Amino acid sequence: MAIALAFSGGLDTSFCVPYLKETFREPVITVTIDTGGLEPGAHAALEEKALSLGASRHFTIDGKPALFDDHLQYLIMGNVLRGSVYPLCVGSERVVQATKLVEVAKAQGARAIAHGCTGAGNDQVRFDVVIRLLADDMEIIAPIRDKGLTRQETTEYLGSRGHTIPPSTTSYSVNTGLWGTTIGGAETHTTTAPLPDHAYPDTISPTKAPDAAESIELIFEKGLPVALSGQPLDGVDLVLGLSTVGARHGIGRGIHVGDTILGLKGRVAFEAPGPMILLAAHRELEKIVLTKWQRFQKDQLAELYGMLLHEGQHFDPVMRDIEAFLQSSQTVVSGTVQVRLYKGNVSVIGCDSPHSMFNTDIAHYGEHASLWDGRDAEGFCRIVGLQAYLARKSRVEPGD
């Protein structure tokens, strides 16, 4: 039998390899699921590191297509921003990583699945929920959480076994993926201090961004982006391309305060240029093709969808129900959006669609309309305020 371990190459998962091997005296299979955070050449380096720590085998899985197809497309359709600020950079990644980890564990005949999460964060919930759902016959082992180990203790453990851990070169914890990067540090442990410019790893400071604005064009088909400035791209490559363009203009920086799954308040900084550009463009395109009630209902369901995804509930059946609604709403969300990027700001300067409801042949706002005349408008104005009028009459005391 064997233990399959989610392996990132960081301190915690590096500790888990020899610890699991020594404690359970079973082979440890390490699995790295790339959801967009690995640099070229990192795959080979991670495999080498895992094997040097004592892993019997190592697998690297490309999780980016699954991340886009199973999660990101719905975040785009729903214009999902948690707390109206944060584009859910991490939550959906963990679902993909846990799902792919289970697949490898089953294929390799593992009896248990391990991860390096602590007992204080959201990720432990996301991993455990998915693993129990997809592999309820397998034991879940979380050494850092189970033993309450500190980083100093895990560092000393590795050092005593000849595994040198280089000292940290940064004061910030950085998690990079296809849908953006999260950054944690001393400033995020308060609600008052901003993150300094140097803590953002990929985006340039808006104050140092080019003085010339850059305009790009996005083409959407049924709610999803299919081309960037005339170049057809699949979802993954388009997000990556947008992130590169946006980063040089300082797009997508922010700090989010929200509720953790465990009930605490948390604060995290992020940079997500690609998502912030996409969501701004998609939201504006929807305004010309959807009715106000479609957009209203979408906003309610999209907020629920984002909350459930953030809290590890991707496999709850209600998520499929919401996804069906989102897909139905997007049948007419096709068209072209012109976007201007300038010193940290995303401006949608125009959009067009074959399904646009913005019909100047019928009416010009504030000027004239061919579908009604002045008497119709007068009657409408009288009726539309009727409920408020009756309520006021029924609640005003005599003599008031």
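Only a predicted model underlies this, so the values are computations on that prediction, with no experimental measurement involved.
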Carefully, step by step, assess Asp128 and His115 under the rule side-chain hydrogen bond (donor to acceptor under 3.5 Å, both in side chains).
CA-CA 9 Å; Asp128 279 20; His115 59 72; 2.8 Å; yes
Using 4.0 Å as the upper bound for N to carboxylate O, is an ion pair formed by Arg132 and Asp136?
no
Quick test of your reading of the model: are Asp197 and Lys208 salt-bridged, counting only N-O distances below 4.0 Å?
no
Counting neighbours of CD on Glu48 that are heavy atoms of other residues, nucleotides or ligands and sit closer than 6.0 Å, is the number greater than 12?
no
How about Gln300: does its CD atom have over 12 heavy atoms from other parts shown lying under 6.0 Å from it?
yes
With a sphere of 6.0 Å drawn around CD of Gln297, does it hold more than 12 non-hydrogen atoms of other residues, nucleotides or ligands?
yes
For the student: nearest non-hydrogen atoms of Asp211 and Tyr342, plus distance
O-CE1, 3.1 Å
Does the side chain of Gln97 come under 3.5 Å of the side chain of Thr35 through a donor N or O and an acceptor N or O?
yes
So, does Lys106 use its side chain to make a donor-acceptor pair with the main chain of Leu134 at under 3.5 Å?
yes
Please work out which of the three classes, parallel, tilted or perpendicular, describes the rings of His310 and Tyr86, given edges at 30° and 60°.
perpendicular
Do Thr32 and Thr60 meet the criterion of a side-chain donor-acceptor pair at a distance under 3.5 Å?
no
Going by atom types only, do Ser229 and Glu217 share a side-chain donor-acceptor pair under 3.5 Å?
no
Compare every heavy atom of Ile29 with every heavy atom of Ala2, then report the nearest pair and how far apart it is.
CB-CD1, 3.9 Å
Give the minimum heavy-atom separation between Leu149 and Pro143, together with the two atoms involved.
CD1-O, 4.1 Å
Residues Glu323, Arg320: salt bridge by 4.0 Å N-O rule:
yes
Side-chain (Glu311) to main-chain (Ile261) donor-acceptor, under 3.5 angstrom
no
Working to the nearest 0.5 Å, report the span between OG of Ser56 and CD of Glu26.
10.5 Å
What one should report as the nearest heavy-atom pair of Met307 and Arg82 is CA-NH1, 3.6 Å
Tell me if the NZ atom of Lys343 is crowded by more than 12 foreign heavy atoms within 6.0 Å.
yes
Tell me whether Glu22 is salt-bridged to Arg161, with the criterion being a basic N under 4.0 Å from an acidic carboxylate O.
yes
Do the side chains of Arg267 and Glu187 get close enough for a salt bridge, i.e. N-O under 4.0 angstrom?
no
Determine whether the aromatic ring centres of Phe220 and His282 lie less than 6.0 Å apart.
yes
Which value, rounded to the nearest 0.5 Å, describes the distance between Thr154 atom OG1 and Lys147 atom NZ?
14.5 Å
State plainly whether the residues Asp62 and Lys64 are in salt-bridge range, i.e. N to O under 4.0 Å.
yes
If we ignore hydrogens and angles and just use 3.5 Å, is the side chain of Ser328 paired with the main-chain N or O of Ala324 as donor and acceptor?
no
Can you tell me how far the CD1 atom of Ile219 sits from the OG atom of Ser334, to the nearest 0.5 Å?
10.5 Å
Note: Leu233 and Leu228 closest approach over all heavy atoms is CD1-CB, 4.1 Å
Looking at every non-hydrogen atom in both residues, tell me the closest pair between Leu279 and Ile76 and how far apart they are.
CD2-CA, 3.8 Å
Interatomic distance, Asp12 atom CG to Thr118 atom OG1 [nearest 0.5 angstrom]
7.5 Å
Please indicate whether Phe315 has more than 12 foreign heavy atoms, meaning atoms of other residues, nucleotides or ligands, lying under 6.0 Å from its CZ.
yes
Check this for me: does any side-chain nitrogen of one of Glu286 and Arg283 sit under 4.0 Å from a carboxylate oxygen of the other?
no
Step by step, would you call Leu308 with Asp316 a side-chain contact (heavy atoms from CB on, under 4.5 Å)?
CA-CA 9 Å; Leu308 292 174; Asp316 190 293; 5.7 Å; no
Does the plane of the ring in His58 sit parallel, tilted or perpendicular to the ring in Phe7? Use 30° and 60° as the thresholds.
perpendicular
Hydrophobic clusters here meaning ILVMFWY residues chained together by side-chain heavy-atom distances under 4.5 Å, can you tell me if Leu262 and Ile131 are in one?
no
Under a 3.5 Å distance rule, please check whether Ser52 uses its side chain to pair with a backbone N or O of Lys49 as donor and acceptor.
yes
Using a 4.5 Å cut-off on heavy atoms from C-beta on, say whether the side chain of Leu309 contacts that of Leu75.
yes
Are Asn345 and His249 linked by a side-chain donor-acceptor pair shorter than 3.5 Å?
no
OG1 on Thr188 to NE2 on His256, rounded to 0.5 Å:
12.0 Å
How about Gln108: does its CD atom have over 12 heavy atoms from other parts shown lying under 6.0 Å from it?
yes
Pair Arg248 + Glu214, salt bridge at N-O below 4.0 Å
yes
Under 3.5 Å, side chain of Ser356 to main-chain N/O of Asp352, donor-acceptor pair present?
no
Any chance you could measure Asn175, atom CG, to Thr182, atom OG1, to the nearest 0.5 Å?
4.5 Å
Donor-acceptor pair, side chain of Arg340 and main chain of Ile349, under 3.5 angstrom:
no
Worked verdict on Gln294 versus Ser329 for side-chain hydrogen bond (donor to acceptor under 3.5 Å, both in side chains)
CA-CA 7 Å; Gln294 281 182 297; Ser329 74; over 6 Å; no
